[in-house]
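Here the structure is laid out as structure tokens; the discussion comes afterwards.
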Amino acid sequence: MRIVDVRATPVTVPLKRPLRWSFGVEVTTTRTIVELITDEGLVGIGETRGGDEIVRAIELHRDLFIGLDPLEVGRITRRFSVFRMTSEQLALVGAAKLAGTAVEMACWDLVGKILGKRCGDLWGGIERERIEFAAYVFYRYASTTEVGDGDRAENAADHADELFDLYGFRDIKFKNGVLTPEEEIRSVRLMRERLAGRLRYLRIDPNAVWSVETSIRVLNELADYDLEFCEDPTWGIEGMSLVRQRTPVPLATNMCCVTFEQIPLAVRTRALDVILGDVHFWGGPSSVLQLAKVCETFNIGMSLHSDRELGISTAAVLHVAAAEPMVSHSIDTHLIEQADDIITVPFEFRDGRLDVPTGPGLGVEIDQDKLRFYHEYHREHGEASEFADAMQADFRAKFPKF
Ligand SMILES: [Mg+2]
């Protein structure tokens, strides 16, 4: 069997409400959906973050996978691994690296379809059929025209209530670094009070917006609220290490350690307790499985990161979590904040969990009507948002770095 063609389709799907984080406001997600076509008519599907630049990268690097057998997925992944370079070079090779993750995903989907096996079984064997997620809690604006009460502690606490009631979560990942630290501490207190008896683990993620001193002060104040961990309180491995020496709260990252070459310094400086793997940032599902072995070696915990993926990447994430027991913290998802999906049977949360798909390969299929619809939406609206730009400017003016 040979891969004879590829279709790469950028799509933009709106979020239900604008989500705030320390970099600004997000109102959509833009992804590229990859379909690999074989000479026997089988189609494998993959997804990655980003739009038009990914499509260009796939066209440019067709020779890395066209003409190969999808069963040579390791060989194809190694060809793309030339783009898994150091963090400084990421800006140059980012699109090609991310394109490779969608191609790898689509190859695994094909391998599963050829062998009649699920991806999780190909990746070592499915250990669990249901995967637990944390409720992803944000400060949200009411709409793209109304701010609402998005500047108050209650806004995030209300979101937590809503997610627990609707989807049965037990854990919270609270995206903060948006309001003043005092107002955000008040949000944490409200969540602990209102969800007492229902809330198990609570983690926060200010996305590196705090200084080292602010991180130490805030985390020591939050120690009373039993944080599971804090993701990226401050910038860089050295900064994280300084914070970790002076707080009892475990630290996690999906920002300062996102490539293999960053791991030695992070381990040497005792900067991290938990790494959030990401099937795109790290270079594909097989890279996250390699990362799990490294984390096991150095006694680093693991969770999995979400960057507003749609259903195909969510399926890949579920198979990784199902097959890799090192992923022991509940994992991230934006799925419940997205207005729609491009797969035929969208995922539904029960008890804060999703079922691992049962079909061969990734176990999900593209809804071609929706793919066309959100491709058109992407062409009309692109990735830019005037609302997000305006809110971002407003946010920067109001809250410079603490
Ligand atoms: Mg994070």
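Every number for a ligand or one of its atoms is a count from 1 in the order of the listing. Residue numbers start at 1 and run along the sequence shown.
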Testing Arg203, Lys173, Arg170 for salt bridge (charged side-chain N to carboxylate O under 4.0 Å, His left out) with Glu228, which one passes?
-> Arg203
Can any side-chain N or O of Arg192 pair as donor or acceptor with the backbone N or O of Tyr225 at less than 3.5 Å?
-> yes
Distance flag, aromatic centroids of Trp21 and Tyr139, threshold under 6.0 Å | no
Can you sort out the partners of Asp369 under side-chain hydrogen bond (donor to acceptor under 3.5 Å, both in side chains), two or more places apart, ordered by chain and number?
-> Arg372
Is the distance between the ring centroids of Phe164 and His159 under 6.0 Å?
-> no
Under 2.8 Å from the Mg ion (ligand 1), how many protein N/O/S atoms do you get? Just the number, please.
-> 3
Establish, yes or no, whether a centroid distance under 6.0 Å links the rings of Phe347 and Phe349.
-> no
